[in-house]
There are 2 protein chains.
Amino acid sequence: METTWTEQLRTAGLRVTRPRLSVLGVLAEHPHVDADTIATAARTVHPSISPQAVYGVLKALVGSGIARRIEPAGGPALYELRVGDNHHHLVCRECGLIADVDCVVGQAPCLQPSDAAGFAVDEAEVVFWGLCAGCQVARRTHVHGTNSAIEEGVTA
Amino acid sequence: METTWTEQLRTAGLRVTRPRLSVLGVLAEHPHVDADTIATAARTVHPSISPQAVYGVLKALVGSGIARRIEPAGGPALYELRVGDNHHHLVCRECGLIADVDCVVGQAPCLQPSDAAGFAVDEAEVVFWGLCAGCQVARRTHVHGTNSAIEEGVTA
DNA sequence: CCCGTTGTCTTGAATGAGTCAAATCAAGAG
DNA sequence: CTCTTGATTTGACTCATTCAAGACAACGGG
């Protein structure tokens with residue numbers, strides 16, 4: 001898996017650079033991260049990387065279909081490497097945790113709204129909002145404090 | 001319809017003020033508008049209204065369930081008065097036009113992902129991305145210019 | 001193995017949506 | 001009419017993201 005990054009970049013017509021490999025490394029470890037977290041994490045392996053380089057890399061990756069950008073309401077954009085399999089997301093209202101959901105309907109699922117109003121639909125984006133397991137427990141225990149750590153744990 | 005705004009505000013425990021009625025007026029005429037457009041439009045009827053007042057009003061309206069906030073990726077937040085009927089949206093990639101879609105599956109539709117991963121889901125948000133009728137024509141006519149006017153037309 | 005081209009990264013500044021805080025103002029109860 | 005309290009104004013500020021110019025490095029050709 002790891003060794004294909006170089007090939008993937010080359011195939012996409014992109015040069016293989018340190019910043020790009022660093023960002024890909026971070027994305028592989030953390031399924032859903034924002035640009036700032038990527039920058040911080042990437043710096044442990046490539047200290048001189050700049051925030052703008054991260055934005056540039058991400059734009060290139062998204063543009064060539066290697067990564068995907070998701071923008072949950074009320075937060076910064078997140079990036080993930082899982083592309084092309086039309087999956088959706090569960091977002092925790094409390095802590096921001098994100099989990100993947102495979103599409104309920106099959107391959108091209110929600111692509112048919114009841115009334116398309118003349119639109120040529122090419123993508124259906126589905127976001128499920130709710131409370132993750134951890135935050136449900138925290139709320140039941142009446143520990144109403146905000147455990148707002150945005151961590152990645154549900155990878156399965 | 002118009003006369004109930006006052007009642008709606010009172011029922012929600014909110015004071016009936018000029019800025020609030022102005023914003024409600026704009027929202028009633030334009031199904032999906034961003035805060036800045038609301039401010040501009042509201043100013044034709046209440047010239048002294050400030051942008052921050054609009055944000056405050058919108059927050060109050062959303063908080064009490066009178067309005068709904070939607071945040072399409074890559075653009076500012078939009079507001080609409082249609083609430084509580086669990087409908088979704090069609091967004092035009094080209095011009096930003098937004099149309100409503102009634103839910104395909106019924107009342108509480110997409111609320112059941114295939115694998116909830118322990119989440120307690122309380123809302124499913126669906127966004128269909130594509131090209132509106134107008135932009136399809138424009139593209140076929142090889143008029144590849146950007147007709148980027150964000151207007152409301154599909155209210156039906 | 002070195003060199004030049006060209007795409008990429010760095011540095012620094014700017015934009016735009018949205019928020020926060022203090023002071024003023026007015027809705028509506030008494 | 002007056003007072004209380006919630007709403008609005010004004011102004012400064014944060015944060016994510018983008019733009020621009022110059023320095024740098026990947027990699028194909030010599």
Side-chain angles (χ1 to χ4, degrees), chain A residues 5-26 32-43 45-64 66-67 69-79 96 148 150, chain B residues 5-26 32-43 45-64 66-67 69-79 96 148 150:
Chain A
W5 292 339
T6 298
E7 298 170 23
Q8 278 196 274
L9 289 170
R10 287 243 167 76
T11 306
L14 297 172
R15 287 187 184 169
V16 180
T17 66
R18 202 94 141 1
R20 283 174 180 170
L21 292 175
S22 310
V23 168
L24 282 168
V26 174
H32 310 98
V33 256
D34 60 282
D36 189 61
T37 305
I38 293 174
T40 305
R43 228 164 264 131
V45 86
H46 180 191
S48 76
I49 197 173
S50 68
Q52 288 74 356
V54 173
Y55 280 110
V57 169
L58 290 171
K59 189 190 258 183
L61 293 180
V62 171
S64 50
I66 296 175
R69 176 190 180 126
I70 59 177
E71 296 182 46
L78 305 177
Y79 298 85
S148 55
I150 302 185
Chain B
W5 292 339
T6 298
E7 297 170 25
Q8 277 196 276
L9 289 171
R10 288 243 168 76
T11 306
L14 297 173
R15 287 186 183 169
V16 181
T17 67
R18 202 93 135 20
R20 284 176 178 168
L21 292 174
S22 310
V23 168
L24 282 167
V26 174
H32 310 99
V33 255
D34 61 282
D36 189 62
T37 306
I38 293 174
T40 306
R43 228 165 262 131
V45 84
H46 179 190
S48 76
I49 197 172
S50 68
Q52 287 75 356
V54 173
Y55 281 113
V57 169
L58 290 171
K59 189 190 263 186
L61 293 179
V62 171
S64 50
I66 296 174
R69 176 188 179 125
I70 59 178
E71 294 182 46
L78 305 176
Y79 297 85
S148 55
I150 302 185

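We name chains A, B, ... by the order of the sequence lines, and we start the count at 1 in each one.
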Exercise. Could you work out which one of dG18(C), dG28(C), dC27(D) sits closest to the side chain of V16(B)?
Key: dG28(C)

Quiz item: E7(B) has an atom CD; how far is it from atom C1' of dA27(C), in whole Å?
Solution: 18 Å

Exercise. Select from G13(B) and P51(B) the residue whose nearest nucleotide in DNA chain D is closer to the 5' end of that strand.
Key: G13(B)

Quiz prompt | Rounded interatomic separation in angstrom, taking CD1 from I70(A) and P from dT17(D) | solution = 12 Å

Quiz item: OP1 or OP2 of dA26(D) less than 4.0 angstrom from a side-chain nitrogen or oxygen of R10(A), does that happen here?
Solution: no

Exercise. In whole angstrom, give the distance that lies between atom NZ of K59(B) and atom C1' of dG6(D).
Key: 14 Å

Quiz prompt | Contact under 4.0 Å: R18(A) side-chain N or O vs dC24(D) OP1/OP2 | solution = no

Quiz item: Can you find a pair of side-chain heavy atoms, one from E71(B) and one from E71(A), that are under 4.5 Å apart?
Solution: no

Quiz prompt | Donor-acceptor pair under 3.5 Å, R15(A) side chain vs dT6(C) base | solution = yes

Practice problem: Could you check which of dT8(C), dT17(D), dG18(C) has an atom nearest any side-chain atom of R20(A)? | Solution: dT8(C)

Exercise. Report yes if some heavy atom in the side chain of T17(A) is under 4.5 Å from a heavy atom in the side chain of L9(A); otherwise report no.
Key: no

Self-check item: Distance below 4.0 Å between S48(A) side-chain N/O and dC9(C) OP1 or OP2
Solution: no

Quiz item: Base, sugar-phosphate alone, or nothing: which one does A60(A) contact when heavy atoms must sit under 4.0 Å apart?
Solution: nothing

Practice problem: Between S50(B) and Y79(A), just flag the one whose closest nucleotide in DNA chain D comes earlier from the 5' side. | Solution: S50(B)

Exercise. With side chain to side chain contact (heavy atoms under 4.5 Å, CB included) as the test, would you mind laying out the steps for L24(B) and I66(B) before giving the verdict?
Key: CA-CA 9 Å; L24(B) 282 167; I66(B) 296 174; 4.1 Å; yes

Quiz item: Which whole-number value in Å describes the distance from R43(A) CZ to dT10(C) C1'?
Solution: 12 Å

Quiz item: How close or far is atom C1' of dC24(D) from atom CD1 of I49(A), stated in whole angstroms?
Solution: 15 Å

Quiz item: Q52(A) has an atom CD; how far is it from atom C1' of dT10(C), in whole Å?
Solution: 8 Å

Quiz item: Distance check: side-chain N/O of Y55(A) vs OP1/OP2 of dT17(D), anything under 4.0 Å?
Solution: yes

Self-check item: Out of dT8(D), dG18(C), dT17(D), whichever nucleotide has its closest atom nearest the side chain of A77(A)
Solution: dT17(D)

Exercise. Figure out the CD1/P separation between I38(A) and dT17(D), and round it to whole Å.
Key: 10 Å

Self-check item: H46(A) NE2 - dC9(C) C1' separation (whole Å)
Solution: 9 Å

Quiz prompt | Any side-chain heavy-atom pair of D36(A) and P76(A) under 4.5 Å | solution = no

Quiz item: Could you give the distance from OG1 (T37(A)) to OH (Y79(A)), rounded to the nearest 0.5 Å?
Solution: 11.5 Å

Self-check item: Contact nearer the 5' end of DNA chain C, comparing L14(B) with L78(B)
Solution: L78(B)

Quiz prompt | Exam field: side chain R69(B) to backbone A77(B), donor-acceptor pair closer than 3.5 Å | solution = no

Quiz prompt | Under-4.0 Å side-chain N/O to phosphate OP1/OP2 contact, T17(A) with dG7(C) | solution = no

